[in-house]
Amino acid sequence: MNVLLNQEKSIYIQISEMIETDILRGILLEEERVPSTNELAKMYTINPATAAKGVNILVDSGILYKKRGIGMFVATGAKEKITAARKESFKENYVMALVKEAKGLGLKKKDIVSMIESIMED
């Protein structure tokens with residue numbers, strides 16, 4: 001989770017995305033404790049309230065849960081939830097734009113598939 005924060009997105013969004021990515025990569029496992037908001041704040045030199053806002057996004061979506069007095073933990077099924085959400089986001093943000101542009105260029109489905117296959121083979 002030692003990624004540099006950037007100016008492209010709000011810091012709290014970046015914090016939630018970094019935790020999600022660590023879950024997807026198996027760095028954080030189900031039922032494993034995640035860094036506290038104070039630990040995150042110290043790690044990234046940010047306000048603890050900002051870190052808490054990022055963590056709370058994941059709590060609200062069922063990715064993390066709180067064990068009172070112990071900390072935040074990765075929920076069972078978190079990896080599957082994140083994968084499903086990111087696939088949907090990928091479809092909306094990339095695939096739909098690709099299909100729209102392809103239609104505008106008069107490309108057929110087979111042309112697009114062929115292009116993708118050639119890129120993925122590299």
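Being a predicted model, the structure only gives us computed values, none of them experimental.
Going from atom CG of L28 over to atom CE of M18 covers 12.0 Å, rounded to the nearest 0.5 Å. Taken from CD in E117 to CD1 in I119, the straight-line distance is 11.0 Å, to the nearest 0.5 Å. Separating the CD atom in E121 from the CD1 atom in I116 is a distance of 12.0 Å, to the nearest 0.5 Å. Distance check, rounded to the nearest 0.5 Å: CG of L24 to CD1 of I82 gives 5.0 Å.
Within 6.0 Å of CD on E88 lie more than 12 heavy atoms contributed by other residues, nucleotides or ligands.
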Just distance, no hydrogens or angles: give the donor-acceptor pairs under 3.5 Å from side chains in residues 51-62, sequence neighbours left out.
unit_1, atom_1, unit_2, atom_2, d
N56, ND2, A52, O, 3.1
S61, OG, I57, O, 3.2
S61, OG, L58, O, 3.2

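Across L64 and V74, no two heavy atoms sit closer than the pair CD2-CA, 3.9 Å. When all heavy atoms are compared, the tightest approach of G77 to E30 is N-OE2, 2.7 Å. Between N93 and A97, the shortest heavy-atom contact is O-CB, 4.2 Å.
Linking ILVMFWY residues whenever their side-chain heavy atoms come closer than 4.5 Å, directly or via other members, places L105 and V95 in the same cluster. If you chain together hydrophobic residues whose side chains sit under 4.5 Å apart, F90 and I112 fall into the same group. Cluster annotation: Y94 is connected to L98 through the hydrophobic network of ILVMFWY side chains, with a link wherever side-chain heavy atoms come within less than 4.5 Å. Placement of V99 and V113 in two distinct hydrophobic clusters is found when ILVMFWY residues are connected by side-chain heavy-atom separations under 4.5 Å, directly or transitively. Put simply, M43 and I15 are part of the same group of oily side chains (I, L, V, M, F, W, Y) that touch within less than 4.5 Å, one to the next.
For the pair E31 (side chain) and F73 (backbone), a donor-acceptor distance under 3.5 Å is absent.
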Show the numbers, then the answer: is there a side chain to side chain contact (heavy atoms under 4.5 Å, CB included) between I19 and L40?
CA-CA 10 Å; I19 294 170; L40 291 168; 4.2 Å; yes
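In terms of the side chain to side chain contact (heavy atoms under 4.5 Å, CB included) criterion, residue partners of K9 (sequence neighbours excluded) are, by chain and number, I13, Q14, E17. Evaluation of the salt bridge (charged side-chain N to carboxylate O under 4.0 Å, His left out) rule for E39 yields R33 as partners, not counting sequence neighbours.
Each of I63, I23, T76 was compared with K81 under the side-chain contact (heavy atoms from CB on, under 4.5 Å) criterion, and only I63 meets it.
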